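Encoded as structure tokens, the structure appears first; notes follow it.
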Amino acid sequence: MISTAIIVFREVLEAALIITILMAATRGVLNRGRWISGGVAGGVIGAFVVALFMGAIANSFEGMGQEIFNAVILLTAVCMLAWHNIWMASHAKELTTNLKHVGHQINEGTLPLYSLAIASGLAVLREGSEVVLFLYGIAAGGSSNLEMLSGGIAGLFIGAITGALLYFGMLRIPPQWLFKTTSWLILLMACGLASSAAGYLSQAGVLPSQIPLWNSDGLLSEKSILGELLHILIGYESRPTALQLSFYLATLVVITSGMIWANRSGTVAPQTRSRGI
Amino acid sequence: MRIFLTAILFALSATAMADTLVYNITIKDHVFSPSVITIPVNQRVKFVIENQDVTPEEFEGLDFDVEKIIPGKTKSTVFVGPFAAGTYNFMGEFNADTAKGQIIVE
Ligand SMILES: [Cu+2]
């Protein structure tokens, strides 16, 4: 039962952290809860569909469908997170000032909220489909079903609670720091997802496979709790390849330059943009 | 952009490479057989894994980065390597107690 709980917890945590950080990053944005929870709901439904068709997905692209599917999902999430961060950078001032006065709303129409819905939905879709398949495997396996399923539910619960705790923890960060912190987190998270996508593309043979640049598994294992957390939050890999590192750095450069550019053009005429309600 | 272009070039040269070694592995009752596979050093090889159980399994490298779900009653392909000489462990994540294996690289 404990091992079931741990496996489910690991999968849920990955999705929960992404959602949590997105929620904290958009504090004070009208309707963001509705969009994100819509994305999560879509992700849950999608996870069941993906689990159902996993055989077909795996067999497509000469047996490499699963890797390509994973890479596409990850890269789409990277684009959504990049878009979100660049948008937030152009509205940084406005968001911080508005947060100080409760009741003020930000230009609700302009934030591409569907990018949040897609990003959180994809996180749930990917991790959720693994959970569904795993729990299905247990149910079909026969032995001590009930105990195992309760382990699964426990894992789901602990994962969700960890996400919630992190969320309330982040809300304690003063508003002027909150957006800075969360946009850094989202930036590094996106870089990590891009590097994972490169890993899947190598596995599929779309990109070449390489001998890792280094192996820091002895120092910090990716399977340890800290390693796992750092893997999700900043994309820690104990055995990165040169390609994975290039994907990481390229994403870092592209999103950072986008944010710097947006921040500059955003500060030129902040008054025109904040049409408070 | 340049990264992507070089990546594509690399990919083309990789697919043009000589024939890959293929190893067949089966999963039955949550056990890999053979559970010890010897592969050559510095070479990418292909594992064709047939899951004869009805339940899905996830092939996961412990000392290398490969993760792939193999649905019940299906066959999947996993590429491993290139590796330096040594012993590399893998497991079936969904049945970690019984599904264990080793790759010996020499
Ligand atoms: Cu996962």
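In what follows, chains are A, B, ... by sequence order, proteins preceding strands, each numbered from 1. Note that this is a predicted model, so its numbers are computed, not measured.
- Listed by sequence position, A:Y200 are the residues of residues 193-200 of chain A in contact with chain B, using a 4.5 angstrom heavy-atom cutoff.
- Scanning residues 61-70 of chain A against chain B with a 4.5 Å non-hydrogen threshold yields A:G63, A:M64, A:Q66, A:E67, sorted by number.
- Using a 4.5 Å cut-off between heavy atoms, B:K73 does not touch chain A at all.
- Interatomic distance, B:L21 CG to B:F47 CZ, rounded to the nearest 0.5 Å: 10.5 Å.
- Note on ring orientation: taking the six-membered ring where Trp is involved, the planes of B:F59 and B:F90 are tilted (angle from 30° to 60°).
- For the pair A:T241 (side chain) and A:I211 (backbone), a donor-acceptor distance under 3.5 Å is absent.
- Only the backbone of A:A204 comes within contact range of chain B, judged by heavy atoms closer than 4.5 Å.
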Give every donor-acceptor pair under 3.5 Å between a side-chain atom in residues 31-38 of chain B and any protein atom, sequence neighbours left out.
unit_1	atom_1	unit_2	atom_2	d
B:S33	OG	B:T26	OG1	3.0

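- For the pair A:N263 (side chain) and A:M259 (backbone), a donor-acceptor distance under 3.5 Å is absent.
- For a residue to count as touching a neighbouring chain, one of its non-hydrogen atoms must lie under 4.5 Å from one of that chain's; by this rule A:S238 does not touch chain B.
- Of residues 91-106 of chain B, those residues lying under 4.5 Å from chain A by any heavy-atom pair are B:E93, B:F94.
- Residue contact with chain B, scored on non-hydrogen atoms closer than 4.5 Å, involves the side chain of A:I7 exclusively.
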